[in-house]
Number of protein chains: 2
Amino acid sequence: MEPLKDCISNQVSVDNTSLENILSMFETIHVKKGDYFLHSRTICQKMAFIETGYLRMYDIADGKEITLWIGSSGKFITSLSSFVFQTVSQWNIQAVTDCKLHVITREKHLHLSKKEPKWLEFDNLLLARSFALLEQGAFAHLHTTAQERFDALLKNEPELFLNVPLQHIASMIGIAPESLSRLRKNLKN
Amino acid sequence: MEPLKDCISNQVSVDNTSLENILSMFETIHVKKGDYFLHSRTICQKMAFIETGYLRMYDIADGKEITLWIGSSGKFITSLSSFVFQTVSQWNIQAVTDCKLHVITREKHLHLSKKEPKWLEFDNLLLARSFALLEQGAFAHLHTTAQERFDALLKNEPELFLNVPLQHIASMIGIAPESLSRLRKNLKN
DNA sequence: CTATTCTCTTGACAAATGTTAGGAAATTCA
DNA sequence: TGAATTTCCTAACATTTGTCAAGAGAATAG
């Protein structure tokens, strides 16, 4: 649980007792490549800290899988609005490699929110950071070409290209897999 | 302040004393068309509930103004990550029509967060809802054409087309103003 | 009211990306 | 290992969208 412990203590100043109490609410699980952490059309009851591996969040539109985000080690993943509002989830969350996750249920999350103010603070920061990230992505889509988004992703998350099928990366960038092939070809020349 | 009052009481169950206390932290201001609620490269110290009018949030990239979002009556607007983390804001927030706003400063926001648990709850819901909205927008950009995004916006926020310069709407949809013209032309035929 | 500025439209052309179809390469499974 | 499946690449062509240039129309300021 060290990576999770670090993730929390790096963002909020919390004493050891509270931190241990928070960590004790998480359960460590392993998800195999191809298996699902969450199915769409169900209500999301958990959120996970990714210790190792990659998971993608996707929905199907017009018969095609659209990947909105790919989570990697050190990140949290959940179907946020489903988790918060207990509405049916739009998203599937599937492991694209074998994963080691630390999972907290909604119940325990609510429990911590009441008992550990620092957890609430951490959760708020997490949410605000996620918002900022998403905002950057949305902004990028408004003023960059596929080429530029590809270059940026390659620079910022090169490991993604080694561990995740390119079709999912293409989808996340907002282009067809064939177009991604072209961009990669340009790179080599 | 009735619209703000309703907005809060519709989302969280709060007694009258607390509600009045919360409302008393807001200050009503008027912003004229073209004036700025926030300039980029400054640190955002306030957030606003829009009672009437329209404001756009934009940044400049490659010499062009890119509008990420246009807020209308009943919505809150702020440069979220700047407001939360007190970092320099990327966004300009400018009135595109005369506006009536109810404004709360960061100080008073923090004060309420400590004194009025219901405010914190409301703020959390607001953040989660904003996240969900942004997420939908990002998803739409991954699998829809400009035409489809135009149609959807026209259906969901028709008033926007009557009150906001089309160039800003085009930017928000992610297309050139000339392209928006073409889409509008198609509509008529 | 008039001049100025801002906004919107149009058309021709260029560039980027999607689509379709086929096959090569890599991976997985039995 | 060998067959089946998945993933990736390529090429030709279609479509969408961007860019540039010009001008019409609307809003605004003096």
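This one's a predicted model, so the numbers in the text were calculated from it and none came from an experiment. Each chain gets a letter, A, B and so on, in the order the sequences are listed, and its residues count up from 1. Every heavy atom of this structure was used, including side-chain atoms; hydrogens, water molecules and symmetry mates were not.
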Under 4.0 angstrom between B/Lys185 side-chain N/O and C/dC8 OP1 or OP2
no
Interatomic distance where NE2 belongs to B/His141 and C1' belongs to C/dG18 [whole Å]
18 Å
Figure out the CD/C1' separation between A/Glu148 and C/dA15, and round it to whole Å.
14 Å
Check the interface with nucleotides 26-30 of chain D: list each N/O to N/O pair with the protein under 3.5 Å, or write none.
{"from": "D/dT28", "atom 1": "OP1", "to": "B/Lys33", "atom 2": "NZ", "distance (Å)": "2.7"}

Residue pairs involving residues 123-150 of chain A (criterion ring-ring contact (aromatic ring centres under 6.0 Å, His included); sequence neighbours excluded):
A/Phe139-A/His143, A/Phe139-B/Trp91, A/Phe150-A/Phe161
Euclidean distance, atom CZ of residue B/Phe161 to atom P of C/dT7 [Å, nearest integer]:
17 Å
Between B/Arg41 and B/Gln90, do the side chains contain a donor N or O and an acceptor N or O under 3.5 Å apart?
no
Using whole Å, report how far CG of A/Leu162 lies from C1' of D/dC8.
15 Å
Between P on D/dC8 and CZ on A/Phe150, what's the gap in Å once rounded to a whole number?
13 Å
Output the rounded distance in Å from CZ (A/Arg184) to P (D/dA11).
16 Å
Within the distance-only criterion (no hydrogens, no angle test), does the side chain of B/Asp123 pair as donor or acceptor with the backbone N or O of B/Trp119 below 3.5 angstrom?
no
As a check of understanding: the bend across the helix from C/dC1-D/dG30 to C/dA30-D/dT1, end axes from five pairs, rounded to 10 degrees, works out to 60°
The contact string for nucleotides 17-22 of chain D, one letter per nucleotide 5' to 3', using protein heavy atoms under 4.0 Å with B, S and - for base, sugar-phosphate only and none, comes out as SBBB--
Can you list every pair that meets ring-ring contact (aromatic ring centres under 6.0 Å, His included) and has a residue in residues 34-53 of chain A, with sequence neighbours left out?
A/Tyr36-A/His39, A/Phe49-A/Phe76
Could you list the residues that satisfy side chain to side chain contact (heavy atoms under 4.5 Å, CB included) with A/Pro165, not counting sequence neighbours?
A/Gln167, A/His168
According to salt bridge (charged side-chain N to carboxylate O under 4.0 Å, His left out), who are the partners of A/Glu157, at least two apart in sequence or on a separate chain?
none
For atom CG of B/Leu166 and atom P of C/dT10, their distance in whole Å:
12 Å
With sequence neighbours left out, write down each residue that passes salt bridge (charged side-chain N to carboxylate O under 4.0 Å, His left out) with B/Glu20, or none if nothing qualifies.
B/Lys5
A/His111: what forms a ring-ring contact (aromatic ring centres under 6.0 Å, His included) with it, not counting sequence neighbours?
none
For A/Gln45, check side chain to side chain contact (heavy atoms under 4.5 Å, CB included) against everything at least two apart and list the hits.
A/Ile43, A/Gln86, A/Arg106
Please enumerate all residues that pass side chain to side chain contact (heavy atoms under 4.5 Å, CB included) together with A/Thr52, with sequence neighbours excluded.
A/Lys100
Could you check how far CG of A/Asn186 sits from P of D/dC8, rounded to whole Å?
18 Å
For A/Glu65, the salt bridge (charged side-chain N to carboxylate O under 4.0 Å, His left out) test, sequence neighbours excluded, returns A/Arg56
